[in-house]
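Quick caveat: nothing in here was measured; it's all calculated off a predicted structure. Throughout, protein chains are lettered first and strands after them, A, B, ... in sequence-line order, and every chain is numbered starting at 1.
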There are 2 protein chains.
Amino acid sequence: MPRDAELTKQRIFDAATAEFAGHGVAGARIDRIASSASANKQLIYAYFGSKRQLFEAVVSEHVRRFHDQVPFDPERLPEYAAAAFDYFTEHPEAMHLGSWHSLEPGETNHRIPVIERAIRTRSRLVSRAQAAGAVDRSIAPVDLLALLTAIASAWAMATPERNPRGGASVRIQARRRAAVVELARRLVDPR
Amino acid sequence: MPRDAELTKQRIFDAATAEFAGHGVAGARIDRIASSASANKQLIYAYFGSKRQLFEAVVSEHVRRFHDQVPFDPERLPEYAAAAFDYFTEHPEAMHLGSWHSLEPGETNHRIPVIERAIRTRSRLVSRAQAAGAVDRSIAPVDLLALLTAIASAWAMATPERNPRGGASVRIQARRRAAVVELARRLVDPR
């Protein structure tokens, strides 16, 4: 792809991230994305297909970035939970995209392949770590992963009553992070 | 209030619950609520004020129902987590209302009093239970409560990839519930 087209595609991606994170799929408007990216609306459809397909492309790319930056090691799950907590804190837009995907009625029947694959692969890795005695066996791998994600994202997904305007102080963030690590440890440490 | 007005208000409340649970605050339309409740649009504004005020009234009432049906006992927190898990499973609309409240940018500065009060009261109760030695002390009360809620709602808030279309089987639900109780126990049991 020529350099110019690369740059345009990148601008569309960034504008779409902001638009979908703020408004969800139903609420997002392609003409706002086009205007914010200084791109032609028809070009967006040509590159990405429908609005729903653009959403899926954006979510998939954010999931890949998360996987790149927060490596998954089944024998170091508390450290993974801490890194995920940090990532969600620093990238609220990634968290928001996932929330819209969970929440919007139109998403119920849309499973995103990169997320499905990650759940499958990670469940197998946890299962092996359980068999090797490195992870507690009393909770099924797929459930253990769901709980680990819930712990790491407890504050990223919380209502405004738990999340002070302007974000938590450094002290409170550190206290929450330590609580995440401690509970993750209790979830996975062999007993 | 006369009986007829009571019934109309109830119909508006039910229609508003469905509309907000499905579309959020920004996406909800008062005329759809009016039509579904067979009520006059002006009457809705007269009873509840703005669309945002109607949303807050609906969320507050659902929080009160949750508090009524899932009693909070700081000395029986794993049982509380199990009951909350059951409630979220049976009342996805209540969960969805809370998710929109957490997610929509317009909600950031709207704290809902009944939620704020519950967090304050429950933090005090947990703090006392910690002082009495009934609850583990290593995690701050307000953080312990946030984690407990995250555990109990892990699947109610999950993406479609974790939540099979048509809901989980009885067997899977029972397995998840047992995992919630087990992790809640590890969170709160004094060590």
Side-chain angles (χ1 to χ4, degrees), chain A residues 21-24 26-27 59 95-96 98-105 107-119 136 138-140 142-163 165 172 175-176 178-180 182-183 185-187 189 191, chain B residues 21-24 26-27 59 95-96 98-105 107-119 136 138-140 142-163 165 172 175-176 178-180 182-183 185-187 189 191:
Chain A
H23 303 277
V59 172
M95 203 65 217
H96 284 164
S99 299
W100 292 108
H101 178 50
S102 302
L103 185 56
E104 291 192 69
E107 291 294 295
T108 316
N109 300 324
H110 283 295
R111 295 165 165 241
I112 299 184
V114 66
I115 302 178
E116 291 205 290
R117 272 198 304 274
I119 295 173
D136 174 64
S138 47
I139 295 177
V142 68
D143 295 344
L144 185 146
L145 285 169
L147 289 168
L148 197 67
T149 302
I151 294 170
S153 60
W155 286 278
M157 294 284 289
T159 64
E161 294 74 19
R162 288 206 191 278
N163 275 329
R165 189 172 160 182
I172 289 180
R175 199 190 66 202
R176 289 174 174 179
V180 165
E182 175 60 24
L183 185 55
R185 201 173 279 143
R186 294 184 196 175
L187 172 63
D189 275 0
R191 8 202 76 213
Chain B
H23 303 277
V59 172
M95 203 65 218
H96 284 164
S99 299
W100 292 109
H101 178 49
S102 303
L103 186 56
E104 290 192 69
E107 290 294 294
T108 316
N109 301 324
H110 283 296
R111 293 165 166 242
I112 298 184
V114 66
I115 303 178
E116 290 206 292
R117 273 198 305 276
I119 294 173
D136 174 64
S138 47
I139 294 177
V142 69
D143 295 343
L144 186 148
L145 286 168
L147 290 168
L148 197 67
T149 302
I151 294 169
S153 60
W155 286 277
M157 295 284 288
T159 63
E161 293 75 18
R162 287 205 191 280
N163 275 328
R165 187 171 163 184
I172 289 179
R175 199 190 64 200
R176 291 174 173 179
V180 165
E182 176 60 24
L183 185 55
R185 201 173 281 142
R186 295 184 195 174
L187 172 62
D189 274 2
R191 7 202 79 214

* Asked: Side chain, backbone, both or neither: which part of A/W155 has a non-hydrogen atom closer than 4.5 Å to chain B?
  -> side chain
* Looking only at heavy atoms, which two atoms of A/R162 and B/I119 are closest? And how far apart? -> CG-CD1, 3.8 Å
* Asked: Picking from A/H101, A/E107, A/E116, which has the most non-hydrogen pairs under 4.5 angstrom with chain B?
  -> A/H101
* **Structural part of B/L145 lying under 4.5 Å from a heavy atom of chain A** => both
* **Contact class of A/S153 relative to chain B, heavy atoms under 4.5 angstrom** => neither
* To do: Indicate the atoms forming the closest heavy-atom contact of B/P160 with A/S102, along with that distance.
  => CD-CA, 4.2 Å
* Asked: Which answer fits B/R191, side chain, backbone, both or neither, if we ask what part of it has an atom under 4.5 Å from a heavy atom of chain A?
  -> side chain
* Asked: Got a second to check how far B/L103's CG is from A/E104's CD, nearest 0.5 Å?
  -> 8.5 Å
* Pick one of side chain, backbone, both or neither for B/A146, based on which atoms fall under 4.5 Å of a heavy atom in chain A. => both
* To do: Answer yes or no: is there an ion pair linking B/R186 with A/D136, defined by an N-O contact shorter than 4.0 Å?
  => yes
* Region of B/H23 that comes under 4.5 Å of a non-hydrogen atom in chain A -> neither
* To do: Heavy atoms only, distances under 4.5 angstrom: which of A/I151, A/I139, A/L183 has the most pairs with chain B? Name it, please.
  => A/L183
* Where do A/T159 and B/I112 land on the side chain to side chain contact (heavy atoms under 4.5 Å, CB included) test, with the steps shown first? -> CA-CA 9 Å; A/T159 64; B/I112 298 184; over 6 Å; no
